[in-house]
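I have placed the structure first, in the form of structure tokens, so that the comments after it can refer back to it.
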Amino acid sequence: MGTIGDVLPTGSSGPQQARERRRKRYPDSISALSLGEHLKISGSISPTRLLDALEGPGAPQLVIDLSGASWVQPVGLVGIAAIAESARREERQVMFLTPTDGNVANYVSRMRLGLAFDSLHVQHSIRPVRETDLSGDLLELTKVEGEFGGEQVANLVFERLERMGAKSSLAESLHASICEVVGNMHFHSGAEGGWVAAQTTHNGQKITFAIADSGLGLQASLRNNPQLTVTDDTNALQLAVAENISATGERGRGQGLPEVIRSSTGLNGSVHIASGTARAVHRSQNTATGFQSFAFPGTIIQVEL
């Protein structure tokens, strides 16, 4: 078990009540729903860079500043959407600063970040771009919910893996586990669905997809199971990736996330997961864990294959 740098709970009724619940849950830290005024992320927005940029305490207005971004991985798209969603749930104003690099600005527009912001009533200046059909190469930032919410991203990943000559049994297992993770998102997170995005790179030889929600987080979700003792976010993340452990305690549940990891690492990929103040990176040879002072609002996953 290794360690990595330092990682993102929660939403509810009124903003004041939500803040008070988080203070009780995280007496020594502040969750991402209490992000600082200025969330600035520069360079290539990877899981580590997104999570390390989190700040606190909260303010009436949140500025998400991507003016210095040189690239945005799928985790950046779903993570920013979840952060904005959680802030808006608290009735905070959110403003987005567009990348100054024209190619990056066009990319986040093509990936429909602007449309996501419109649905959340976030102030932004992302200009629409002309779209061509790239459904075989990417999945734009999409709000998903319900039992079949994960099918689109799962189908894209499966089709790309087939073209790459991946082992069919692992590709099929990954498809099923993606559908399970996304399909159960509403139940486990308490949020109204979540966000997904995917992108192929390296001439179609690599695919990266990400999933995020702005809900309870793994710790609060697993505490719904009276058979479990969940001590903190790190412990919750360890439990969440173990087979047959779930918030319900029902036999046969709790297979989705462990299977995503098993299938992805079996394909020589990596899985980044963060929830609350804990995070981990799973690879075929090792798992590295870490934490940070400020929590992500819900749970976020990125898989690179």
Side-chain angles (χ1 to χ4, degrees), residues 1-11 22 25-26 28-58 62-66 68-87 94 96 108 113 141 189 191 194-197 199 208-220 232-238 240-241 257 260-261 270-283 286-304:
M1 184 78 73
T3 59
I4 54 179
D6 303 315
V7 193
L8 291 211
T10 158
R22 282 194 306 282
R25 182 181 169 199
Y26 295 105
D28 298 317
S29 65
I30 298 173
S31 77
L33 290 181
S34 295
L35 284 168
E37 289 186 341
H38 204 128
L39 174 63
K40 185 172 184 177
I41 317 174
S42 301
S44 179
I45 303 178
S46 63
T48 298
R49 191 154 289 182
L50 170 71
L51 298 170
D52 285 346
L54 296 175
E55 296 180 358
L62 167 65
V63 177
I64 301 175
D65 183 355
L66 263 61
S70 60
W71 178 245
V72 184
Q73 295 181 20
V75 71
L77 297 168
V78 301
I80 288 166
I83 289 167
E85 183 175 57
S86 63
V94 181
F96 176 75
V108 298
L113 181 60
L141 178 63
S189 73
W195 302 90
V196 299
Q199 174 70 65
T208 302
F209 68 92
I211 305 165
D213 68 68
S214 62
L216 297 171
L218 293 176
Q219 182 182 166
D232 55 24
D233 287 322
T234 299
N235 178 226
L237 190 51
Q238 293 170 341
V241 301
L257 192 51
V260 166
I261 294 171
S270 62
V271 183
H272 297 253
I273 310 172
S275 183
T277 55
R279 71 181 177 198
V281 183
H282 298 264
R283 297 185 175 90
N286 60 73
T287 298
T289 61
F291 66 93
Q292 67 177 36
S293 298
F294 304 110
F296 182 84
T299 302
I300 188 166
I301 303 166
Q302 175 158 290
V303 177
E304 301 172 29

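Just so it is clear, the structure is predicted and the values come from calculations on it, not from any experiment. Values below: every heavy atom of this structure, side chains too, minus hydrogens, waters and symmetry copies.
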Could you go through the side chain to side chain contact (heavy atoms under 4.5 Å, CB included) check for Thr289 and Leu237 one step at a time?
-> CA-CA 10 Å; Thr289 61; Leu237 190 51; over 6 Å; no
Kindly compute the distance separating [atom1] ([X]) from [atom2] ([Y]), expressed to the nearest 0.5 Å.
| X | Y | atom1 | atom2 | value |
| --- | --- | --- | --- | --- |
| Ile64 | Ile41 | CD1 | CD1 | 8.0 Å |
| Trp195 | Leu113 | CH2 | CG | 9.0 Å |
| Leu50 | Ile300 | CG | CD1 | 5.5 Å |
| Leu51 | Phe291 | CG | CZ | 13.5 Å |
| Leu66 | Ile45 | CG | CD1 | 3.5 Å |

Closest non-hydrogen atom pair between [X] and [Y], with its separation:
| X | Y | result |
| --- | --- | --- |
| Ser214 | Ala191 | C-CB, 4.3 Å |
| Val94 | Ala87 | CG2-CB, 3.7 Å |
| Val78 | Ala197 | CG1-N, 3.7 Å |
| His282 | Thr287 | ND1-OG1, 3.2 Å |
| Gly217 | Thr299 | CA-OG1, 4.0 Å |
| Leu54 | Phe294 | O-CD1, 3.5 Å |

Just wondering, do [Y] and [X] contact through their side chains at under 4.5 Å, heavy atoms?
| X | Y | answer |
| --- | --- | --- |
| Gln219 | Ser275 | no |
| Ile80 | Val108 | no |
| Ile273 | Ile261 | yes |
| Phe209 | Val196 | no |
| Val271 | Val241 | no |

Residue from Asp233, Asp232, Thr234 passing side chain to side chain donor-acceptor pair (under 3.5 Å) with Thr277 |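 Exactly one candidate clears the test, Asp233.
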Counterpart residues, side chain to side chain contact (heavy atoms under 4.5 Å, CB included), relative to Ser46 (two or more places apart) = Thr48, Arg49, Gln73
Matching residue for Val75 among His272, Glu304, Gln302 - test: side-chain contact (heavy atoms from CB on, under 4.5 Å) |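 Result for side-chain contact (heavy atoms from CB on, under 4.5 Å) with Val75: Gln302.
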